[in-house]
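Input: a single structure, listed below in structure tokens.
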Amino acid sequence: MGAQQSVNAGKAKVDMKVDLTHMLCEALLLPPLRSSGVTLSQIVGRISLKHPNLFGRSEKLDVILDKGINDSNFVIAYRRPRAEWLSQQSFVFQHSMTPEVAVHGFPADNFTRSGSRGINLSRLSFGLELNEPATSNWTSGTSVKFENIRPVNNQGHSIARDHDGFPLTCSGNLHDNMIILKQESGYADVNDNSFLKVNFQMEQGLPLVPKSLTFNRVKCAVSKGIKLGPTFLVTSLTGGSIVGDMAPYQAFAIGGLGSVRGYGEGAVGSGRLCLIANCEYTIPLVKHLEGSIFMDCGSDLGSARHVPGNPALRQGKPGFGIGFGYGLHFNTDLGQIRVDYAMNAFNRKTIYFGINSSGGS
């Protein structure tokens, strides 16, 4: 949902969009209702430049800028045409600036939200992506990239330590460098009565440049949906692990809309391990309107103490959290409007408002 304008300049196409669908999901807290502009701060503006035939041989160029009030993301992707049975190549340059709230933020209002400590992450990366031809149910992709990560404060100055004097990087310097080989595979089996989806990601830090991080990071998510008469039951399980060199910002953050509802982003904990389970039961009410009940839980499996500097333990995060609640989903031509009411283990309530776009961006 948003405003969009397209302009043709020769063979290039410029898309300008103000997008409210992807980020308009920050929690509004009850009680009391907050009117401090939290939701407004999640509005993202997008400018997109697309060229379908850059050098006259069907090469594609995408330039995308996403800008919010507190974060930004800039991507340049160049795609070379190849035969359909071969891996599709993309050369990607990316720079992003995001608040580091999930790991270094402090839990507030009985863990229903995470407050900022003025730490942001500047990420600069470039590399090659290879997407394998899709089979009937499987997708696969491989990438190798160089990444430079630099913690900065709200004034844009590089910082090496947090407010308690603990290092923000693995190296202890103002930045970390790493070369990452990533493999991602997905499986999807969908029909009218059920679905099964599996996603597996593995990142390997390669020691190819001086002081680069060497690590192995694995994450796997499995979700299963079953139609039960007019109703639908969805369950999912997500797990992750990281071994080897590690900076605090690489920890698995638990809590928030994408993991355990009823908690702020990362307010449950952050660790070298994570395990998150979700269950949601959807019931049709009237035309275009559905109701749901859900329960989420997540744990760092006692691994928070193994994260350098112990940021989760210093912030008093519990390491385990459970949330439950109910919601209403209204299906429209623009997408699905969701309102979820969640309660955490501390009996604090949170309302989440979100819009899931039905169209591509």
Side-chain angles (χ1 to χ4, degrees), residues 71 96-108 111 113-123 125 147-152 159-178 180 182 184 199-205 212-221 237-261 263-278 296-321:
D71 51 11
S96 65
M97 181 74 73
T98 56
E100 179 45 77
V101 175
V103 174
H104 292 285
F106 62 92
F111 300 91
R113 65 182 182 90
S114 295
S116 171
R117 287 187 172 272
I119 299 173
N120 306 276
L121 287 183
S122 171
R123 294 177 180 263
S125 66
E147 188 166 88
N148 173 275
I149 299 181
R150 182 169 57 95
V152 299
I159 52 177
R161 297 182 178 274
D162 62 19
H163 294 280
D164 298 321
F166 289 89
L168 294 170
T169 60
C170 180
S171 64
N173 299 323
L174 294 176
H175 63 86
D176 282 331
N177 293 326
M178 59 191 83
I180 303 173
K182 180 178 179 180
E184 182 171 3
N199 180 266
F200 176 81
Q201 301 177 15
M202 183 177 68
E203 296 181 346
Q204 178 66 52
S212 65
L213 277 64
T214 304
F215 62 91
N216 182 267
R217 192 176 196 267
V218 175
K219 185 176 182 180
C220 183
L237 186 67
T238 303
S241 169
I242 181 171
V243 296
D245 297 336
M246 180 186 184
Y249 53 77
Q250 292 179 298
F252 294 99
I254 306 166
L257 186 61
S259 59
V260 183
R261 284 164 285 188
Y263 292 82
E265 184 181 1
V268 173
S270 55
R272 281 184 175 263
L273 304 172
C274 76
L275 186 64
I276 301 169
N278 311 94
D296 307 327
C297 61
S299 171
D300 63 16
L301 302 176
S303 65
R305 65 182 183 274
H306 300 301
V307 175
N310 297 336
L313 298 180
R314 285 189 285 118
Q315 303 301 335
K317 297 179 181 180
F320 175 82

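Every residue meeting the ring pair (Phe, Tyr, Trp, His ring centres under 6.0 Å) condition with F111, not counting sequence neighbours, appears here in chain and number order: F346. When the side-chain contact (heavy atoms from CB on, under 4.5 Å) test is applied to S116, the partners found at least two apart in sequence or on another chain are V101. Residues that satisfy the side-chain hydrogen bond (donor to acceptor under 3.5 Å, both in side chains) test with N310, not counting sequence neighbours, are absent from this structure. Residues satisfying the side-chain hydrogen bond (donor to acceptor under 3.5 Å, both in side chains) test with S122, not counting sequence neighbours, are H95. Residues satisfying the side-chain hydrogen bond (donor to acceptor under 3.5 Å, both in side chains) test with R217, not counting sequence neighbours, are none. Shown here are the side-chain contact (heavy atoms from CB on, under 4.5 Å) partners of I159, two or more places apart in sequence or in another chain: I119, P151, N153, L168. Residues satisfying the side-chain contact (heavy atoms from CB on, under 4.5 Å) criterion with N177, sequence neighbours excluded, are F146, N148, H175. For D245, there are no salt bridge (charged side-chain N to carboxylate O under 4.0 Å, His left out) partners, not counting sequence neighbours. In this structure N199 satisfies the side-chain hydrogen bond (donor to acceptor under 3.5 Å, both in side chains) test together with E184, Q201, sequence neighbours excluded. For A108, the side-chain contact (heavy atoms from CB on, under 4.5 Å) criterion is met by F106, R113, not counting sequence neighbours.
Distance CZ/R117 to CG/D162: 8.0 Å, rounded to 0.5 Å. Here the straight-line distance linking atom SG of C297 with atom CG of N278 works out to 7.5 Å at 0.5 Å rounding. Once rounded to the nearest 0.5 Å, the distance linking CE of M202 with CD1 of I180 reads 12.5 Å. Interatomic distance, NZ of K219 versus CD1 of I242, reported as 12.0 Å (0.5 Å rounding). With values rounded to the nearest 0.5 angstrom, S114 atom OG is found 9.5 Å from Q315 atom CD.
In plain terms, the two heavy atoms of H306 and R272 that are nearest each other are O-NE, 3.0 Å. Heavy-atom minimum distance, G298 versus V260: N-CG2, 3.6 Å. The shortest heavy-atom contact between M178 and S212 is CA-CB, 4.2 Å. Scanning both residues, S303 and L273, for their nearest heavy atoms gives OG-N, 2.9 Å. Taking all atoms of both residues into account, the shortest heavy-atom contact from T169 to G172 is OG1-N, 3.0 Å. Nearest heavy atoms, D71 versus P99: CB-CD, 3.9 Å.
Checking side-chain atoms of K317 against main-chain N and O of G266 turns up a donor-acceptor pair under 3.5 Å. A side-chain donor-acceptor contact under 3.5 Å links Q204 to the backbone of F215.
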Could you list the donor-acceptor pairs under 3.5 angstrom formed by side chains in residues 247-259, with sequence neighbours left out?
from, atom 1, to, atom 2, distance (Å)
Y249, OH, D176, OD2, 2.7
Q250, OE1, A247, N, 3.0
S259, OG, G255, N, 2.8
S259, OG, G255, O, 3.4

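In this structure, R314 pairs ionically with D164, as a charged nitrogen and a carboxylate oxygen lie closer than 4.0 Å.
Contact of the L121 side chain with the I149 side chain is registered, since non-hydrogen atoms from C-beta on lie closer than 4.5 Å.
Here salt bridge (Lys or Arg N to Asp or Glu O under 4.0 Å) pairs that include residues 296-306, with residues two or more places apart or in two chains, are R261-D296.
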